[in-house]
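One structure is given here, and the rest of the page talks about it.
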Amino acid sequence: MNEKTTARIGSLVVRDAAEADMEAVARIYALHVEHGLATFEEVPPSDEEMRARRLKALAAGAPYLVAEIDGEVVGYCYAAPYHARPAYRHTLEDSVYVGPGFGGRGVGGALLAELIARCEAGPWRWMVAIIGDSGNAASIALHRRCGFEPVGTLRSVGFKLGRWVDTPIMQRALGPGDSQPPEDLTATPET
């Protein structure tokens, strides 16, 4: 699908996030920040900060999507540059968050599948998932279903909600991956 299309699964719709969606996105993320280990942030960012993060992803040419059911935003995802250094320019990191009560209903899978499809249509070759918590079986399973493979785990690199937390790292190729050189062989200057 290209960035102007919409994916439909039953009453679930995955589409580009709009400015008007960002309040709902911020609410979903705040719950993960305050009560979960999927993110290592400890204070929910403001609506304005979440809007700025969306604009930053879009400025990099990467997708920022929402899932809605019956007009209600129930999840979101986006891709962002994995790291700022020029040699990483062909690699993205994904983030997927689902609202309370919507886990296990295909929301995360629909979001991630559409994100991958859109990223494969771009210049990128790899997608990395840095998953908060080795015990996050749902996220690990979601990424496996979408073609990610585990490549390692950083042990006890975070401390949140009173305990040490690991970050499993998973990765998948986008398009040809590393089977051929990228079309853009020129490095951009570091900023």
Side-chain angles (χ1 to χ4, degrees), residues 17 22-60 62-67 73-105 107-109 111-113 115-116 119 124 126-174 190-191:
M22 295 312 294
E23 188 177 315
V25 165
R27 277 195 310 272
I28 290 169
Y29 187 62
L31 290 170
H32 286 275
V33 169
E34 293 171 337
H35 305 289
L37 300 172
T39 175
F40 283 13
E41 283 195 78
E42 297 178 309
V43 176
S46 67
D47 290 359
E48 294 77 27
E49 173 61 23
M50 293 300 287
R51 285 182 180 90
R53 291 179 187 186
R54 174 181 161 265
L55 292 175
K56 185 176 180 182
L58 295 175
Y64 201 112
L65 309 172
V66 294
V73 173
V74 297
Y76 74 99
C77 70
Y78 62 94
Y82 171 62
H83 282 295
R85 306 246 189 233
Y88 292 115
R89 71 189 172 281
H90 301 288
T91 303
L92 295 169
E93 180 180 344
D94 77 293
S95 293
V96 181
Y97 293 94
V98 176
F102 291 96
R105 295 178 60 185
V107 173
L111 281 164
L112 187 53
L115 185 72
I116 290 166
C119 291
W124 305 286
W126 290 98
M127 185 173 281
V128 173
I130 301 173
I131 297 169
D133 189 20
S134 293
N136 191 343
S139 185
I140 292 168
L142 166 66
H143 283 86
R144 278 187 195 274
R145 284 192 306 274
C146 288
F148 286 76
E149 296 179 5
V151 294
T153 299
L154 299 174
R155 301 274 177 217
S156 300
V157 293
F159 189 84
K160 186 175 177 188
L161 301 178
R163 69 179 184 94
W164 290 105
V165 186
D166 298 340
T167 54
I169 301 171
M170 300 179 80
Q171 161 178 7
R172 80 171 320 273
L174 296 172
E190 290 186 41
T191 54

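Just so you know, these numbers use all the heavy atoms, side chains as well, and skip hydrogens, waters and symmetry mates. Since the structure is predicted, the reported quantities are computational estimates derived from the model, not experimental observations.
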*Name the one of Val107, Ile28, Val33 that satisfies side chain to side chain contact (heavy atoms under 4.5 Å, CB included) with Tyr97?*
Ile28
*Does the Lys160 side chain pair with the main chain of Ala38, one donor and one acceptor, at a distance under 3.5 Å?*
no
*Polar side-chain atom of Arg51 near backbone of Met22 as donor-acceptor pair, under 3.5 Å*: no
*Does His143 reach the main-chain N or O of Val128 with its side chain, forming a donor-acceptor pair under 3.5 Å?*
no
*Among Leu142, Thr153, Ile140, Val151, which one satisfies side chain to side chain contact (heavy atoms under 4.5 Å, CB included) with Met170?*
Ile140
*For the residue pair Ser134 and Pro168, what are the closest heavy atoms and their distance?*
CA-CG, 3.7 Å
*Could you tell me whether a side-chain N or O of Asp94 sits under 3.5 Å from a main-chain N or O of Ala79, the two making a donor and an acceptor?*
no
*asked:* Applying the side chain to side chain contact (heavy atoms under 4.5 Å, CB included) criterion to Leu154, which one of Val165, Thr167, Ile130, Asp166 satisfies it?
replied: Thr167
_Which heavy atom of Pro45 sits nearest to which heavy atom of Arg53, and what is that distance?_
CG-NH1, 3.7 Å
*Hey, can you tell me if Tyr78 and Tyr64 have their rings parallel, tilted or perpendicular (30° and 60° cut-offs)?*
parallel
*Taking everything shown except Glu34 itself, do over 12 heavy atoms lie less than 6.0 Å from its CD?*
yes
_Tyr82 and Gln171, any side-chain heavy atoms less than 4.5 Å apart_ = no
*Looking at side-chain heavy atoms only, is the closest gap between Pro150 and Arg144 below 4.5 Å?*
yes
_The test is side-chain contact (heavy atoms from CB on, under 4.5 Å); show your working for Arg172 and Leu174 and say whether it passes._
CA-CA 7 Å; Arg172 80 171 320 273; Leu174 296 172; 3.8 Å; yes
*asked:* With a 4.5 Å cut-off on side-chain heavy atoms, are Ile131 and Phe148 touching?
replied: no
*asked:* Before you tell me yes or no, could you show the steps for Arg105 and Val74 under side-chain contact (heavy atoms from CB on, under 4.5 Å), namely the whole-Å CA-CA distance, both residues' side-chain angles and the distance that decides it to 0.1 Å?
replied: CA-CA 11 Å; Arg105 295 178 60 185; Val74 297; over 6 Å; no
